[in-house]
Amino acid sequence: MATCPECDADVEVDEFDVDKGDQLSCPECGSNLEVTGLSPLELDLVLDDDEEDDDVEDEEGLGDDEDDDEDEDEDKDPDE
């Protein structure tokens, strides 16, 4: 038995029927999981390529708003 790292639900896995790197899904939350350890049995979340791309875009976008505000201030006429 292993625990889902996303929702902490018990995930029944036959330890003799899986290998490291095998993927399965959590019956409770549906997260994609990968077997990362066999003794003890450990599961880790598998990020889809789309989720990884979204994370990178979110991180890149954090500082962009501040830069845009500065650019707008520079474009304004100081006499206004």
Side-chain angles (χ1 to χ4, degrees):
M1 176 106 35
T3 303
C4 174
E6 181 72 15
C7 70
D8 293 326
D10 289 333
V11 180
E12 286 196 40
V13 180
D14 184 354
E15 297 178 30
F16 301 106
D17 195 29
V18 294
D19 291 318
K20 196 171 183 178
D22 286 354
Q23 293 188 1
L24 49 109
S25 63
C26 174
E28 292 293 319
C29 68
S31 294
N32 293 326
L33 306 172
E34 180 178 0
V35 177
T36 57
L38 296 175
S39 184
L41 188 62
E42 295 179 14
L43 302 174
D44 198 7
L45 286 173
V46 175
L47 294 178
D48 295 332
D49 289 339
D50 293 340
E51 290 179 22
E52 289 177 3
D53 292 344
D54 291 344
D55 290 344
V56 170
E57 288 174 9
D58 290 344
E59 290 173 7
E60 290 175 355
L62 291 177
D64 290 346
D65 293 339
E66 293 173 13
D67 293 341
D68 291 344
D69 292 341
E70 291 174 11
D71 292 342
E72 290 174 11
D73 291 341
E74 292 173 4
D75 293 340
K76 291 182 182 175
D77 187 4
D79 294 334
E80 288 181 21

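Residues: numbered from 1 along the sequence shown. Note that the structure is a prediction, hence the values are computed from the model and not measured.
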Original post:
Is any side-chain heavy atom of Leu45 less than 4.5 Å from a side-chain heavy atom of Asn32?
Top reply: no

**OP:** Would you name the heavy atoms of Ser31 and Cys29 that are closest together and state the gap between them?
**Re:** OG-SG, 3.0 Å

**OP:** List for me each residue that meets side-chain contact (heavy atoms from CB on, under 4.5 Å) alongside Thr3, sequence neighbours excluded, and say none if there are none.
**Re:** Asp8, Asp10

Original post:
Which pair of heavy atoms, one from Gly30 and one from Ser25, lies closest together, and at what distance?
Top reply: O-CB, 4.2 Å

**OP:** May I have the step-by-step check of side chain to side chain contact (heavy atoms under 4.5 Å, CB included) for Val35 and Leu43, ending in yes or no?
**Re:** CA-CA 5 Å; Val35 177; Leu43 302 174; 3.9 Å; yes

Side-chain donor-acceptor contacts of residues 12-20 below 3.5 Å, not counting sequence neighbours, with atom names and distances?
| from | atom 1 | to | atom 2 | distance (Å) |
| --- | --- | --- | --- | --- |
| Asp14 | OD1 | Phe16 | N | 3.2 |

**OP:** For Cys7 and Glu28, work out which heavy atoms get closest and say how close.
**Re:** SG-CB, 3.9 Å

**OP:** Under the side-chain contact (heavy atoms from CB on, under 4.5 Å) rule, collect the residues that match up with Pro27, sequence neighbours excluded.
**Re:** Val11

